[in-house]
Trainee: 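Okay, handing you the structure first.
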Amino acid sequence: MCGIAAIVSHQAVNQELFDALTVLQHRGQDAAGIVTCEGGRLHLRKDNGLARDVFTNAQMLKLKGNMGIAHVRYPTAGCTSSAEAQPFYVNSPFGLTLAHNGNLTNTDELKQALFVEDQRHINTDSDSEVLLNVFAHELQTLGKLHVGVDDVFQAVSGVHRRCRGAYAVVIMIAGFGILGFRDPNGIRPLVYGERKSGEGSEFMIASESVALDVLGFDVLRDVEPGEAVFIEESGILHTRQCAEKTDHCPCIFEYVYFARPDSIIDRISVYKARLRMGEKLAEKVHRVWPDHDIDVVIPIPDTSRTAALQMANLLGVKFREGFIKNRYIGRTFIMPGQKMREKSVRQKLNAIGLEFEGKNVLLVDDSVVRGTTSEQIIQMARDAGAKKVYFASAAPPVRYPNVYGIDMPAASELIAHNRTEEEVCLAIGADRLIYQDLDDLIDAVRKGNPRIQHFDTSCFSHYYITGDIDDTYLERIEAMRNDNAQSKRNSENFILEMQNCV
């Protein structure tokens, strides 16, 4: 998962792009980057690390210009090398930079075509660089000396014809403007807004509406599936549907875990969706466990807090904060490496013994992925004196990989893969485990926008909306994503980077 932002303004955008990245930092902690444009010249800074660590005052001063794009990343395809930090750049045609959230599912096919037919060189393992070169080729084949708005939209149509998978993208064309577009299924989120100034309208595009709110932009709307939005450097806005066929299918995991609760995605409040998830879980407890003996409901901070509070209210039991979170530890789900995840759980959370001692505790989390966090937290509750520890998940069992931009582990590393709910309960050490039903999760989210007919639920249902995912593809990503393979790649990249520094 990644976060992207773009601004066209009448003043310098470096500080506001940095502020946007800090607001979107929850979407990626591996790398950050900003590129700005001043008089047709691009200024780029990117590296591994949090936004606050990547950009110093001296580096920020070099990011001159009134338009720019920005990116925060955690690795979904490729590796954790700093060479794959975004934005990416190609000089031909016109000077293009790209920031991408999502994952292409036909990357290998596109790479071959780019090399053999388009005669373009790909320098990294990132599908985002492939996407940039596909757009660049589509724009270049128009044979124009000067690019126009219609040319930009025509190139986006070419991207839709060639690329499969999930992509929410911002592209800056040096000296001309900024483009944003979504894949025809609208799997990954993208929203744009406007801010009035004394010199005219200013525009912003971002992964989540909260980034616009913080910077004083009024949200206009979500970018529709297959649609492109182009903002000229002078501040003129253009929109056009560029896909021949669309089928809106947003990723439901955005609402479960990734997005901030104060964001609105595809006209659905993430906060209210999570409230409804709590309501559905409470209804299930009443249905399957009417004589429950729960004394207290305790959330596992932070994303489950909203659902847990509503669940406690409807169950008529106490809600308490039983864990204190160290906010200087990153999100364990998106941390690379099992050992790092295991170590960070104990560093991240500390139990308040008074809330556990002698009680039957219901712990509520947003989801159970590897089970690493759940198992350790359940043991922490027992160590703090809990009599019984029950566990509830606001999401159904995660049994299959996500191929659309969430770097969920290989299927063999998902605790619910090829296990029953009873077996998962035993594996994480709970006295009872309650999962959300998939239909209830869909209802909880869809209620915010009944126009959305279906969601990407592939990690729960094994149904991949793009229709190009088979067992061979899943076996290949299994080999790429398991912790041993990632550890080997990261070690090789570290050695290469150290050699380059010598």
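All residue numbers in this chain count up from 1 along the given sequence.
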Trainee: Strictly distance-based, threshold 3.5 Å: is any side-chain N or O of H248 a donor or acceptor partner for the main-chain N or O of Q453?
Mentor: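 Checked: no pair found.
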Trainee: D108: what forms a salt bridge (Lys or Arg N to Asp or Glu O under 4.0 Å) with it, not counting sequence neighbours?
Mentor: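 Here the qualifying residues are R476.
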Trainee: For the OH atom of Y74 and the CD atom of Q29, what is their distance to the nearest 0.5 Å?
Mentor: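 The OH atom of Y74 sits 10.5 Å away from the CD atom of Q29.
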Trainee: So does R432 pair up with D293, basic N to acidic O under 4.0 Å?
Mentor: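 Salt bridge: no.
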Trainee: Kindly assign one of parallel, tilted or perpendicular to the pair F253 and Y257, based on the angle between their ring planes and the thresholds 30° and 60°.
Mentor: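 If you compare the ring of F253 with that of Y257, the planes turn out tilted.
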Trainee: For the rings on F230 and F203, is their centre-to-centre separation under 6.0 Å?
Mentor: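 No, the ring of F230 stays outside the 6.0 Å limit from the ring of F203, centre to centre.
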Trainee: Does some side-chain heavy atom of E129 sit less than 4.5 Å from a side-chain heavy atom of K111?
Mentor: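 In short, these two side chains do not touch, never coming nearer than 4.5 Å.
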Trainee: Return each pair, listed once, that meets salt bridge (charged side-chain N to carboxylate O under 4.0 Å, His left out) where at least one residue sits in residues 178-187; pairs must be two or more places apart or across chains.
Mentor: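 Residue pairs with at least one partner in residues 178-187: R182-D266.
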Trainee: Which residues satisfy the salt bridge (Lys or Arg N to Asp or Glu O under 4.0 Å) test with R399, sequence neighbours excluded?
Mentor: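 None.
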Trainee: Does E478 form a side-chain contact (heavy atoms from CB on, under 4.5 Å) with D471? I'd like the steps, not just the answer.
Mentor: CA-CA 10 Å; E478 168 92 16; D471 290 341; over 6 Å; no
Trainee: Do the side chains of Y167 and L104 get nearer than 4.5 Å, heavy atoms only?
Mentor: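 Heavy-atom side-chain distance check passes, below 4.5 Å.
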Trainee: Starting at CD of Q112, measure out to CD1 of I122 and round the result to the nearest 0.5 Å.
Mentor: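 The distance works out to 12.0 Å.
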Trainee: Is it true that D440 and K284 have a side-chain N and a carboxylate O under 4.0 angstrom from each other?
Mentor: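 Salt bridge absent between D440 and K284.
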Trainee: Is it true that a side-chain atom of H286 and a backbone atom of L314 form a donor plus acceptor pair closer than 3.5 Å?
Mentor: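 Side chain of H286 to backbone of L314: a pair is present.
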Trainee: The test is salt bridge (Lys or Arg N to Asp or Glu O under 4.0 Å); show your working for R320 and D295 and say whether it passes.
Mentor: CA-CA 10 Å; R320 291 290 185 268; D295 296 318; over 6 Å; no
Trainee: Would you please name every residue forming a salt bridge (Lys or Arg N to Asp or Glu O under 4.0 Å) with E109, sequence neighbours left out?
Mentor: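 R164.
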Trainee: Taking NZ, NE, NH1 and NH2 as the nitrogens, is one of them in R221 or E227 under 4.0 Å from a carboxylate oxygen of the other?
Mentor: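 Salt bridge between R221 and E227, a charged N being under 4.0 Å from a carboxylate O: yes.
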Trainee: Should the heavy atoms of other residues, nucleotides or ligands under 6.0 Å from OH of Y473 be counted, would the total exceed 12?
Mentor: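 Enclosed.
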Trainee: Set out, in order, the CA-CA distance, both residues' side-chain angles and the distance that settles side-chain contact (heavy atoms from CB on, under 4.5 Å) for R274 and Q310, then state yes or no.
Mentor: CA-CA 9 Å; R274 290 177 183 170; Q310 189 72 344; over 6 Å; no
Trainee: Salt bridge or not for R287 and D437, using N-O below 4.0 Å?
Mentor: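 A salt bridge links R287 with D437.
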Trainee: Can you find a heavy atom in the side chain of R260 that is under 4.5 Å from one in the side chain of D302?
Mentor: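 Counting from C-beta outward, R260 and D302 never come under 4.5 Å.
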Trainee: Taking everything shown except L354 itself, do over 12 heavy atoms lie less than 6.0 Å from its CG?
Mentor: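 Open: at most 12 neighbouring heavy atoms sit under 6.0 Å from CG of L354.
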Trainee: Only one of L24, L190, I205 clears side-chain contact (heavy atoms from CB on, under 4.5 Å) with I4; which?
Mentor: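 Only match with I4 under side-chain contact (heavy atoms from CB on, under 4.5 Å): L190.
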Trainee: So, the side chain of T246 versus the backbone of P225: is there a donor-acceptor pair under 3.5 Å, distance only?
Mentor: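 No; zero donor-acceptor contacts below 3.5 Å.
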Trainee: Would E283 and R276 satisfy salt bridge (Lys or Arg N to Asp or Glu O under 4.0 Å), going step by step from the backbone distance to the final call?
Mentor: CA-CA 10 Å; E283 291 171 4; R276 292 189 290 268; over 6 Å; no
Trainee: Quick check for you: to the nearest 0.5 Å, what is the distance between I378 atom CD1 and T373 atom OG1?
Mentor: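 Rounded to the nearest 0.5 Å, the CD1-OG1 separation comes out at 10.5 Å.
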Trainee: Is a side-chain N or O of H71 found less than 3.5 angstrom from the main chain of C2, in a donor-acceptor match?
Mentor: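 Between the backbone of C2 and the side chain of H71 there is no qualifying donor-acceptor contact (under 3.5 Å).
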Trainee: Judged by atom type as modelled, is there a donor-acceptor pair below 3.5 Å linking the side chain of E194 to the main-chain atoms of L220?
Mentor: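 Between the backbone of L220 and the side chain of E194 there is no qualifying donor-acceptor contact (under 3.5 Å).
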Trainee: Can you name the salt bridge (Lys or Arg N to Asp or Glu O under 4.0 Å) partners of D247, sequence neighbours left out?
Mentor: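 Salt bridge (Lys or Arg N to Asp or Glu O under 4.0 Å) list for D247, sorted by chain: empty.
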Trainee: Please collect all salt bridge (charged side-chain N to carboxylate O under 4.0 Å, His left out) contacts where either partner lies in residues 356-369, sequence neighbours excluded, each pair once.
Mentor: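 Output for this query lists E355-K359.
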Trainee: Answer whether the closest heavy-atom distance between the side chains of Y255 and V270 falls below 4.5 Å.
Mentor: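 A side-chain contact exists here, since the closest heavy-atom pair is under 4.5 Å.
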